[in-house]
Amino acid sequence: MIGKLNHVAIAVADLEKATASYRDTLGAAVTAPMDLPEHGVTTVFIELPNTKIELLQPLGEDSPIARFLEKNPAGGMHHVCYEVEDIEAAKIKLLADGARVLGDIKIGAHNKPVLFLHPKDFCGTLVELEQI
Ligand code: CO
C-alpha cells in the first residue's frame, strides 16, 4: 500500500534558527515558511535529492506541535510521511485492520489529501499518508 517516503517531519521551537541550520550549516535548499492554520503549524521544507524534511513550528493556541515540544523541548522527530495512490482505499483498509486513524482526511502542506495514523499502532511513530 505505501510507496515512497515523502518526508520526515521534525518539530522545532525556533523555525528561523532551524531553517538557518539546514540552509547555512548543512547547505540544503529550503522553502519559504508557510502557515497551515488548519493543522496548527508553520512549515519549512528542506529539499533533498531523494526526499524532504519538514520543519514544524507551532502556530496558534491549540497546536499539536506545542504539546509535542512540551514533552521534547529540544525538538525532535514528529512523523514520517509515506505516499499512497488512493487515500480513501488506504483508510478503509486501515480501519478494517483495526488501525487507529486520527481524524479525517485533510488537505496537507502540498495541497494533497493526507491522513494521520496513531503512533501506538506503528512502532511509536506518528505516520502521515499523502495521496500522490
Ligand atoms: Co508531514
Side-chain angles (χ1 to χ4, degrees):
M1 180 171 67
I2 60 170
K4 286 184 183 168
L5 173 68
N6 186 276
H7 61 267
V8 173
I10 299 174
V12 302
D14 184 338
L15 189 58
E16 236 181 87
K17 197 173 153 198
T19 303
S21 294
Y22 270 89
R23 185 189 54 223
D24 304 334
T25 308
L26 294 175
V30 305
T31 65
M34 187 166 64
D35 291 344
L36 298 177
E38 200 193 336
H39 296 271
V41 295
T42 304
T43 65
V44 163
F45 278 91
I46 313 300
E47 294 173 331
L48 305 177
N50 63 339
T51 190
K52 297 183 278 284
I53 303 297
E54 176 182 43
L55 302 177
L56 297 171
Q57 178 182 261
L59 174 68
E61 293 290 292
D62 201 30
S63 173
I65 303 304
R67 289 196 290 280
F68 182 91
L69 287 171
E70 274 169 31
K71 288 182 221 153
N72 307 276
M77 202 193 84
H78 184 262
H79 64 264
V80 292
C81 177
Y82 302 117
E83 298 179 358
V84 295
E85 278 178 18
D86 183 340
I87 204 157
E88 288 286 352
K91 184 179 175 183
I92 289 164
K93 179 182 182 344
L94 286 156
L95 288 172
D97 288 353
R100 280 163 286 186
V101 166
L102 301 172
D104 247 324
I105 295 168
K106 287 187 186 175
I107 296 301
H110 307 108
N111 268 324
K112 300 202 169 125
V114 300
L115 186 66
F116 284 91
L117 310 176
H118 201 293
K120 285 192 177 147
D121 293 330
F122 297 98
C123 319
T125 304
L126 179 64
V127 171
E128 178 181 21
L129 299 179
E130 181 173 301
Q131 181 171 290
I132 291 301

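Atoms within each ligand, like the ligands themselves, are counted from 1 in listed order.
Scanning all heavy atoms of the two residues, the minimum distance from Cys81 to Glu130 falls at SG-CB, 3.7 Å.
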Validation: residues 58-67 side-chain donor-acceptor distances under 3.5 Å, sequence neighbours left out:
{"from": "Asp62", "atom 1": "OD1", "to": "Arg67", "atom 2": "NH1", "distance (Å)": "3.4"}
{"from": "Ser63", "atom 1": "OG", "to": "Gly40", "atom 2": "O", "distance (Å)": "2.5"}
{"from": "Ser63", "atom 1": "OG", "to": "Ile65", "atom 2": "N", "distance (Å)": "3.1"}

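For the residue pair Glu128 and His7, a side-chain donor N or O sits within less than 3.5 Å of a side-chain acceptor on the partner.
Only protein N, O or S atoms were considered, and those under 2.8 Å from the Co ion (ligand 1) are His7 NE2, Glu54 OE1, His79 NE2, Glu128 OE1.
Between His110 and Phe45, the ring planes are tilted. Angles from 30° to 60° get that label.
In this structure, Thr43 contributes its side chain and Leu56 its backbone to no donor-acceptor pair below 3.5 Å.
Considering only heavy atoms from C-beta on, Lys4 stays 4.5 Å or farther from Ile132 through its side chain.
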